[in-house]
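Heads up, the thing below is written out as structure tokens.
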Amino acid sequence: MALRVYNTLTGEKELFVPLVPGKVGMYVCGVTVYDYCHIGHARAGVVFDIIYRYLKYAGYDVTYVRNYTDIDDKIINRANQEGTDYRTIADRYIQAFDEDMAQLGLAKPTLEPKATDHIGGIIDIIERLIAKGHAYVSEGDVYYAVESFPDYLKLSGRNLEEMQAGARVEIGDKKRHPMDFALWKGSKPGEPWWQSPWGSGRPGWHIECAMSMEFLGKTFDIHGGGKDLVFPHHENEIAQSEGANGCQFVRYWLHNGFVNINAEKMSKSLGNFFTIREVLKKYDPETLRFFILSAHYRSPIDFSDQNLDEAQSGLERIYSCLAALDDILKGQSQTAEITVVESLSQVGQELQEKVDQFLPRFIEAMDDDFNATQALGVLFETVRATNRFLAETKEMTPISLSLIAHVRHLFVDAGGVLGLFTIVPDVWLAGIRSAKAGQIDLSPDEIERLIVERADARGAKDFKRGDEIRDLLLAKGILLLDSAQGTTWNVK
RNA sequence: GGCGCGUUAUCCAAGAGGCUAGGAGCCGGUCUGCAAAACCGUUAACGUCGGUUCGAAUCCGACACGCGCCUCCA
């Protein structure tokens, strides 16, 4: 069993072999903090979160670095719009980012450096690039000379001639070649600046990620980000780091697919985006995470209420099963002794088989380029076997209890990797119910009053009146659930 | 225009030469005053046309449609 990952650099799934056995260095491009994050950011966050979690689960000592780009044109523009300074904007959206990611249950990276805390290191790298002839100074700016780096565009598989043919690149007179990109920008009046050998200015957008080498070394294992970063951002990162250090920058490049709306990329410019905050008002964080995991991380995923609803239904199925298990295990001591020789029923043996296969199959799925979607299939098969077992087992014997306790532990293990099932099942299920109830224009008191009226009618065998009340509530989207303990309600 | 990706049943979605993926839904059943919920069972598919092969959803070619990158983007 061995982990294989799809490497954008080679276009193939490759056996994952870290530079240093047992250790993994991983860097993911964070966000430019100038606005609230949307669902696309949520996807990137969740995708690399489960990659991080799985690598740790697989026994690696992982150093995970995710940066904040806290100085950039967009931040400055926003600050100007609001009549404030860049720092206020950056700090506000760093905090918002942290809140959103915490809501989504992302594990904290090992390090979360800010670009502005590493200006000195950035200047050093630029100086090395100039010394090696990869960069040049031009009127207070510094540009990277793409023609000086023969491997330029190796990641995206393009070539400079083609790029220029369809070019929408502005020919700046400060640049020698239209594809050259800024490493350092001289500051205009009123802009934030840092002192440098080339005058006051600030780093270009691409060089900020060069600080990865400060934490992970000149060569490290995994670099991740959204597919839209392949060109030019990651291409430029390679040019910068390999140009400065003269050795391979990253061994495995991983890129996640987009979130689409009606089969089109969600983006700010199209205006078809939803912020994480908006979506979390309607769906709970694990539902959103489950939705993201319902497609392979490299494929596009279509965001819609219908798909979110389906994700919620699927997650509900698993949580319901876990709630049933907890209910049975609640009163039991952990170490029930098996005193009599017993054997499992047919369905018990089938469940036992699912349990035995669980981790091997889960690991096989995750080892295959982090195929969480397939891993979820393993969970659902186990849920069905468990439900069958619970339905057909009237009395819990020690061996049955031990089996279902084992099932419960497996879901905790898998949940730890996928970032799911972190909530007590009954609490999660109740939360879903009350969240749905928030969308109904009938108060819980009114509903309760009608339920009492119906109970009275039913007590008097007036089923006609009882059914009328049920239909009335149903028309408002409320389902009544009769059980031996009385009547409860749920939102359709 | 260049480069790349995709097309799997009603919908979402894995799979990458022979092995029941899975979920949601429909339908049938258990339960119920009748229902609902829950649970069980069941259903059906690989864009089109060719080729390779004993065997193709899977490999190759063409075509159609959709999408992405080539400007800031996760």
Side-chain angles (χ1 to χ4, degrees), chain A residues 8 11 13 28-32 34 37-48 72-74 153 156-159 161-170 179 205 224-233 255-260 263-270 273 290-291 293-296 298-302 304 306-318 320-321 323-324 347 361 365 368 371-381 383-384 386-388 390-392 458 461 463-464 466-467 470-471 473-474 478-484 487-490 492:
Chain A
T8 306
K13 274 188 204 169
V28 173
C29 294
V31 288
T32 301
Y34 74 102
C37 289
H38 58 63
I39 300 304
H41 300 109
R43 185 177 196 194
V46 168
V47 161
F48 288 101
D72 181 64
D73 290 354
K74 292 189 172 183
L153 305 179
S156 52
R158 304 156 196 263
N159 65 63
E161 290 73 38
E162 278 169 9
M163 298 287 293
Q164 283 177 84
R168 281 187 273 170
V169 185
E170 280 178 46
M179 298 296 293
W205 191 68
K227 272 196 162 90
D228 45 4
L229 296 181
V230 173
F231 182 87
H233 185 54
H255 293 98
N256 65 277
F258 301 132
V259 175
N260 291 342
E264 280 192 326
K265 181 186 174 184
M266 179 186 289
S267 72
K268 290 233 162 185
S269 47
L270 286 170
F273 65 92
F290 190 91
F291 162 72
L293 298 183
S294 72
H296 185 86
R298 282 189 282 117
S299 308
I301 189 167
D302 217 57
S304 68
Q306 189 196 326
N307 290 346
L308 267 286
D309 287 341
E310 281 192 12
Q312 190 172 72
S313 298
L315 186 57
E316 208 169 341
R317 179 174 165 81
I318 298 176
S320 297
C321 177
V347 281
R361 293 179 68 204
D368 184 15
N371 195 335
T373 312
Q374 194 168 56
L376 287 177
V378 176
L379 302 208
F380 278 113
E381 284 185 40
V383 165
R384 190 172 59 215
T386 303
N387 285 336
R388 281 180 59 169
L390 294 182
E392 298 193 27
R458 291 176 76 214
K461 300 270 185 221
F463 293 121
K464 187 163 173 284
D467 289 352
R470 188 172 65 205
D471 292 344
L473 287 169
L474 189 60
I478 291 159
L479 285 170
L480 293 185
L481 313 166
D482 293 333
S483 74
T487 301
T488 57
W489 55 276
N490 208 339
K492 196 177 173 183

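Convention: sequence-line order gives letters A, B, ...; per-chain numbering from 1. This is a predicted model, so every value here is computed, not measured.
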So, under a plain 3.5 Å distance rule, would you say the side chain of A:Arg470 forms a donor-acceptor pair with the base of B:rA35? yes
List every contact pair, protein side and nucleotides 21-24 of chain B side both N or O, where the distance is under 3.5 Å.
unit_1: B:rA21; atom_1: O2'; unit_2: A:Glu381; atom_2: OE2; d: 2.9
unit_1: B:rG23; atom_1: N2; unit_2: A:Glu310; atom_2: OE1; d: 2.8

My understanding is that only residues two or more places apart in sequence, or in another chain, count here; which of them pass side chain to side chain contact (heavy atoms under 4.5 Å, CB included) with A:Gln306? A:Ser304, A:Glu310
A:Lys461: which residues meet the side chain to side chain contact (heavy atoms under 4.5 Å, CB included) condition with it, sequence neighbours left out?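 Counting only residues at least two positions away or on another chain, A:Lys461 forms a side chain to side chain contact (heavy atoms under 4.5 Å, CB included) with A:Phe463.
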Can you sort out the partners of A:Glu316 under side chain to side chain donor-acceptor pair (under 3.5 Å), two or more places apart, ordered by chain and number? none
Which part of the nucleic acid, if any, lies within contact of [X], taking any heavy atom under 4.0 Å across all strands shown: a base, the sugar-phosphate backbone alone, or nothing?
X	value
A:Lys265	base
A:Lys461	nothing
A:Asp467	base
A:Phe463	base
A:His296	sugar-phosphate
A:Leu480	base

Rounded to the Å, how far apart are [X] [atom1] and [N] [atom2]?
X	N	atom1	atom2	value
A:Asn260	B:rA13	CG	P	10 Å
A:His233	B:rA74	NE2	P	10 Å
A:Asn307	B:rC11	CG	P	12 Å

B:rC70, B:rA13, B:rA74: which one has an atom nearest the side-chain heavy atoms of A:Arg158? B:rC70
From B:rG68, B:rA14, B:rC70, nucleotide with atom closest to A:Ser299 side chain: B:rA14
Polar side chain donor-acceptor pair, A:Thr8 to A:His255, under 3.5 angstrom: yes
Do A:Lys227's NZ or CZ and the ring of A:Phe258 fall within the cation-pi criteria of under 6.0 Å and 45°? no
Residue list, salt bridge (Lys or Arg N to Asp or Glu O under 4.0 Å) with A:Arg470, at least two apart or on another chain: A:Asp467
Below 4.0 Å: OP1/OP2 of B:rC12 and any side-chain N or O of A:Ser304: no
With a 4.0 Å cutoff (strictly under), does any side-chain N or O of A:Asn387 reach OP1 or OP2 of B:rC40?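 Answer yes for this pair, as a side-chain N or O of A:Asn387 is under 4.0 Å from OP1 or OP2.
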RNA chain B in dot-bracket, Watson-Crick or G-U pairs under 3.5 Å, [ ] crossing, | other strand? (((((((..(((.....[...)))..((((.......)))).....(((((..]....))))))))))))....
In terms of relative ring orientation, are A:Phe380 and A:Phe290 parallel, tilted or perpendicular, with 30° and 60° separating the classes? perpendicular
